[in-house]
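A short write-up of the structure that comes next.
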Amino acid sequence: MPREKIDIPGQIDHLSIIDKEGNLDKDLEPALPDDFLLKLYRTMVLGREFDARQLSLQRQGRIGTFPPITGQEAAHLGPAAVLRDSDWLVPSFRETVAELWRGRTIESILLANNGYNEGAQMKTGMNMMPISVPVGSQVIHAVGIAWAMKYRGKDDLAMVFFGDGATSEGDFHEGINMAGVYDAPVIFVCQNNHWAISVPRARQTRSKTIAQKALAYGIEGIQVDGNDILATYAAAQEAAERARSGGGPTLIECVTYRLRMHTTADDPKRYRTDEEVQGWEKQDPLLRYQKYLKAKGLLSDEEIVSISDAVKAEIADAVKRAEERMREIGDPGDAMSMFNYAYAEMHPYLKEQKDQLAAELKETAKEGDNG
Amino acid sequence: MPREKIDIPGQIDHLSIIDKEGNLDKDLEPALPDDFLLKLYRTMVLGREFDARQLSLQRQGRIGTFPPITGQEAAHLGPAAVLRDSDWLVPSFRETVAELWRGRTIESILLANNGYNEGAQMKTGMNMMPISVPVGSQVIHAVGIAWAMKYRGKDDLAMVFFGDGATSEGDFHEGINMAGVYDAPVIFVCQNNHWAISVPRARQTRSKTIAQKALAYGIEGIQVDGNDILATYAAAQEAAERARSGGGPTLIECVTYRLRMHTTADDPKRYRTDEEVQGWEKQDPLLRYQKYLKAKGLLSDEEIVSISDAVKAEIADAVKRAEERMREIGDPGDAMSMFNYAYAEMHPYLKEQKDQLAAELKETAKEGDNG
Amino acid sequence: MAKMTMVQAINLALRQEMEKDDRVIVLGEDVGKDGGVFRVTDQLYEKFGENRVVDTPLAEAGIVGMSIGMAVYGLRPVCEIQFSGFAYQNLHQIENHASRLRWRTQGGLNVPMVLRAPYGGGVRALEHHSESREAFWAHMPGLNMVIPSGPRNARALLVSAIRDPDPVIFYEPKALYRAFREEVPEKEETLPLGKSRVARDGDDLTLVAYGAMMRPTLEAAERLSEEDGLEAEVIDLLTIAPLDDELFVRSAKKTGHILVVHEAPRSFGPGGEIIARLVEKAFYYLEAPIHRVTGYDVIIPLFSREKHYIPHADRIVR
Amino acid sequence: MAKMTMVQAINLALRQEMEKDDRVIVLGEDVGKDGGVFRVTDQLYEKFGENRVVDTPLAEAGIVGMSIGMAVYGLRPVCEIQFSGFAYQNLHQIENHASRLRWRTQGGLNVPMVLRAPYGGGVRALEHHSESREAFWAHMPGLNMVIPSGPRNARALLVSAIRDPDPVIFYEPKALYRAFREEVPEKEETLPLGKSRVARDGDDLTLVAYGAMMRPTLEAAERLSEEDGLEAEVIDLLTIAPLDDELFVRSAKKTGHILVVHEAPRSFGPGGEIIARLVEKAFYYLEAPIHRVTGYDVIIPLFSREKHYIPHADRIVR
Ligand SMILES: Cc1ncc(C[n+]2csc(CCOP(=O)(O)OP(=O)(O)O)c2C)c(N)n1
Ligand SMILES: Cc1ncc(C[n+]2csc(CCOP(=O)(O)OP(=O)(O)O)c2C)c(N)n1
Ligand SMILES: [Mg+2]
Ligand SMILES: [Mg+2]
């Protein structure tokens, strides 16, 4: 056999259901109950409005820096929406809408974004990992969780989110490769928002798509229009069925765009043009989904306004509660709490350090009274 | 655009020039001068015989453990043979024949394998990295070297070797991805010898081939019969032309087999069958190449014997010289030398430690005389 | 009670915990069919099968990252990193996640995993197979760093490590894997993490050591007794972090003379912390400078010279 | 002389070395167009172009591994790891290769690279953006670990680091990036690596610190002078490893009272080594226990509480 072609699956599909003009591909339309469709819409609006609110809070110094998600609502809510309670969600740090969908509270996010560890407190049974700041590192955790699910004979799955930049990390590679080897029930969802801070997608990897990286691991891969929530949902649904039935992992590339800054510390004008941003604003996933719901007769202009008002009110309440909570805790808050949760049991030398600080703070307080 | 196929290069070829029966594919036969062909043969024999000699030395406790290469001579010599002096070779730890081809001496290998740092001494201008024990870690170094070559406007290249197991490491991924992004003149040569110690190729990754991993990085990939030195040479030659002309990196998978143990500390009977090994012995790259050279009239049975004798004599001399050298150095040898080469200049606290040991050893020596 | 090598004792701990608790999973490179390159997991694959004894691809961050996920889900993974010299590939997974998840989630999640790795010199191995970098792990809040010194305490400590609700780095002195045997009871035996032990009583001076250094240290103590009539108290740390300073501080108050022994490079090695604790807690009892007999601040040489690098009794006696 | 922030001073060092020597290459995540997330490499991309100021994919091991290859080939890469909290991803490349290639090849190859990374707390950042783990690097033979404390010495030390024939880990105290300005001469200025400095003279006690801790330490020294009439001598290490013990040992012999300050967790932190050296070399001059004012043995809390974690003048004064 001289030079011959090897028979490997070398094909990657792109999925789109509602196109940029809002036209629907009826054959591909997932059959979802109306209330579910509306719940998706409301949650997208909540994410969008919460982003706006946090930006103004940050500008006023009422919270610290955070990563906005505007423009990526469909790209991460669609996949997250296929999860059951017994499945696990393993987020990166830019899937706020998915976290809210999973039951994380607005208050907890505000607390965390204002530097209170209380905000990252995890209620057990949420079946969710906390956000993971080290890019790509969480990918492997999902594989371990999925391996354990399979070991326990469950038909649950783990869904992990990461960005286009994360695909350059060794951890992404090690995790996805191991998932393939163990046929682990994982769905790898890449939020390809075209930028890793200032590094464009094209400088992150030479491959035309992220989805084709699945070919390296012998697993299924698909690229979807990430601003089309029906497409992101449908692709994830297909992947979920594969995972639950022992078909192994899937890599889903959601092509979307980060409309705002990387974090509030970032100035996108340094590295990208307004034209590019405006081009993507025209593809707003929220507007596209609105069109669809309206055409379906599920959403009226009045309802759009009322939902938006309701959501804003919900956020306002949450902000109030969160700020009350922060006042209760106090700024800087009970210093002693930083010694908690380092270990199941505090070790003696740490106890000594804690007692020492307690004594120092008492002294300071006294001095305060005297002075 | 609903569900449509994305146009990506999804094809991987397999290259074979002399098949398992020794039949030649004339169209693909590289045009190489007779003396070059014979030099390749002699170096393969040298590697094979040196392996055998080191095994017996190890058994006699005259050297420490080492990784045999028998069966993989063609898989790494073929690619290394396309290198120019100004190119760089970045080995793993199982490319002894390539190292010998590049001018590393038998003595230095023996010294290193018997635990003498002198054996790893690198003559400048060799344009070669020392062997790299941490699996996969050297892959990135080759990318840095290649980037620097390009920066300097050279048409040189870096060739890096690694095993099938190494492709699971994050470093492999990060390196090859960056090479793609920078169009770096690197040739990634995987020695797929089917085993990573006891882990079979199939449990290392779910992909059918290693070569197809190139698709994930948007670079060229090819699989070759690693026991066919004409094929490994030809594939590397093609990749070298690509690299030198700015076409970027190539991933070459050489399909071969480790006929002996992983290292002399390993017992392959624990994880693989004799049948499997015997099957591969039939595909011995050395015998296949002999057939080819004989058919070409370049090699006679007498010459086979004379070359083998000459090679054995060369090894015997080298062993003698190496053991003389070791006696000179002494066992354990000059302890003080371990403080050298930590830094360009020894820092004061290290100097204190060195002086302290020197003093202690003097004392011991004295005691020795007295006692 | 059977006389066992450390390899057999560790194997016993793994086998018995796996029998008792189906949450215990062993994973790593070559831990399955091969039984581990040092045979520590020998026969576990045959006994428990490939779902309990998992051969992994060659990916240390992957092994540890997967262990984190398994542990968070409720399993008790015991992963093997083939040599501690390749555990830096996964250090970020421990520093960024395993050691912090309890803290990050304020008690919501925890990571009951064990990372086993052979460390140290003395077996005529290749480069990267002889280092001692326990100080890296000892410096990480939220982590336990354990190093046994003999078959019996290796078994007892490993059982405790597996049951501990927090992550444990378990460094195994490979030089002791088959160096000697000890009686190891078949019936369960544990040792608390975070507690050192007195390995030898004495009133004249204090020697602090752990792991593979216990043998030369105890040998030195015997020689000091015979040759100079000095009785050294020898403290075996067993747990490096959280460091138990109670015993060596008490001993220092008694003897006033202390020597610290470790194989790791001297600068910024474990010895510094031990000395700092002594200065904090026993300063007024110290009668002489505390010396360190350690590896030097260079890479441990290839094996023909390693004996000069690794502390031995002569160096300690001086 | 222009008054510059530390960010500007580091930028100046990079610019001038790049002008002088075309072997100097800056690479890292967002160092190009963006000028670095802290703007340390601002305008270098515009001035030198994408072949001298290289935006990399998001891969720390890749960045450092490539730098090793570049350095071996004869370039002088200065790579930026965006935050020191993500430098563990590349720790194996430093421990297994960068710090050893000179030794491994017995002088045949060397690795003249610099790894820059901002470290430490105080900027209200997210998790993983405020740690101090300089002890990891300080423990590695073959490596230089440098931490400047002000704009002027940052510039001079970075120039020396770039010219050093061995690898240098250069931790930048991000809390000081824009905290104050200093006169920084346009004309070349260097400071030798491996040398500490006396930041303040005094005869009554010795304070040893470095990096971001120099400000609270000097503030504490002033207050001790005003409030208690005690004159503290303050030593600024500048280079953490190889550790220069000459000045603080001399100072300790003079004052007999020593306090060590660092932001890193206490246990197995840099303070231990400093104390061990003092005990080795100045034991008979010590009049009181040497105390450590440091970060606690927990993860630095999220920013609302970090001020309790990071040592400040009050804690030092006590
Ligand atoms: C390991 C690691 N390196 C660097 C960083 C700094 N950093 C935070 S986000 C980011 C870019 C991430 O890009 P991408 O993966 O595309 O996710 P996105 O921010 O676009 O959602 C970088 C470099 C980090 N958090 N972790
Ligand atoms: C990072 C790292 N992990 C583990 C090891 C131990 N080890 C040495 S060789 C080897 C297997 C390598 O397999 P492969 O890459 O296929 O190369 P081969 O030995 O087959 O030539 C392992 C696990 C190592 N040297 N480095
Ligand atoms: Mg992105
Ligand atoms: Mg192999």
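Every chain is numbered from 1 and lettered A, B, ... according to where its sequence line falls, protein lines coming before strand lines.
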Checking C:Phe248 against C:Ile258 for the side chain to side chain contact (heavy atoms under 4.5 Å, CB included) test, could you report, in this order, the C-alpha distance in whole Å, the side-chain angles of both residues, the deciding distance, and whether it holds? CA-CA 9 Å; C:Phe248 67 72; C:Ile258 304 96; over 6 Å; no
Checked C:Ala288, C:Ala282, C:Pro242, C:Ala135 vs chain D; the most non-hydrogen pairs under 4.5 Å come from C:Ala288
Which pair of non-hydrogen atoms, one from C:Val260 and one from C:Gly271, has the smallest distance, and what is that distance? CG1-CA, 3.9 Å
Taking the side chain as everything from C-beta on, heavy atoms only, tell me whether C:Phe136 gets closer than 4.5 Å to C:Met145. no
Proximal component of C:Leu286, with respect to chain D [non-hydrogen, under 4.5 Å]: both
Side chain / backbone / both / neither for D:Leu143 at chain C, heavy atoms under 4.5 Å: neither
Counting backbone as well as side chains, what donor-acceptor pairs lie under 3.5 Å between chain D and chain C?
residue, atom, partner, partner atom, Å
D:Glu95, OE1, C:Arg133, NE, 3.1
D:Glu95, OE2, C:Arg133, NE, 3.3
D:Glu95, OE2, C:Arg133, NH2, 3.3
D:Arg100, NH1, C:Glu127, OE2, 2.8
D:Arg100, NH1, C:Glu131, OE2, 3.1
D:Arg100, NH2, C:Glu131, OE2, 2.5
D:Arg104, NE, C:Glu127, OE1, 2.7
D:Arg104, NE, C:Glu127, OE2, 3.2
D:Arg104, NH2, C:Glu127, OE2, 2.9
D:Arg104, NH2, C:His128, NE2, 3.1
D:Glu127, OE1, C:Arg104, NE, 2.7
D:Glu127, OE2, C:Arg100, NH1, 2.8
D:Glu127, OE2, C:Arg104, NE, 3.2
D:Glu127, OE2, C:Arg104, NH2, 2.9
D:His128, NE2, C:Arg104, NH2, 3.1
D:Glu131, OE2, C:Arg100, NH1, 3.1
D:Glu131, OE2, C:Arg100, NH2, 2.5
D:Arg133, NE, C:Glu95, OE1, 3.1
D:Arg133, NE, C:Glu95, OE2, 3.3
D:Arg133, NH2, C:Glu95, OE2, 3.3
D:His139, ND1, C:Ser267, O, 2.8
D:His139, ND1, C:Phe268, O, 3.2
D:Ser267, O, C:His139, ND1, 2.8
D:Ser267, OG, C:Arg277, NH2, 3.0
D:Phe268, N, C:Glu273, OE1, 2.7
D:Phe268, O, C:His139, ND1, 3.3
D:Glu273, OE1, C:Phe268, N, 2.8
D:Glu273, OE1, C:Arg292, NH1, 2.7
D:Glu273, OE2, C:Arg292, NH2, 3.0
D:Arg277, NH2, C:Ser267, OG, 3.0
D:Glu280, OE2, C:Arg292, NE, 3.0
D:Glu280, OE2, C:Arg292, NH2, 2.8
D:Arg292, NE, C:Glu280, OE2, 3.0
D:Arg292, NH1, C:Glu273, OE1, 2.8
D:Arg292, NH2, C:Glu273, OE2, 3.0
D:Arg292, NH2, C:Glu280, OE2, 2.9

Mind listing the closest non-hydrogen atom pair of D:Pro311 and D:Gly295 along with its distance? CG-N, 4.0 Å
Test of understanding: with side chain to side chain contact (heavy atoms under 4.5 Å, CB included), list the residues that count as partners of C:Ala138, not counting sequence neighbours. C:Ile240, C:Ala241, D:Phe268
Any chance you could lay out the side chain to side chain contact (heavy atoms under 4.5 Å, CB included) test for D:Met113 and D:Val64, step after step, and finish with the verdict? CA-CA 9 Å; D:Met113 68 174 279; D:Val64 171; 4.1 Å; yes
Rounding to 0.5 Å, atoms CD1 (C:Ile68) and CG (C:Leu101) come to a distance of 6.5 Å
D:Ile274 versus chain C, heavy atoms under 4.5 Å apart: side chain, backbone, both or neither? neither
Nearest atoms (heavy-atom pairs only) where D:Phe303 meets D:Ala125: CD2-O, 3.5 Å
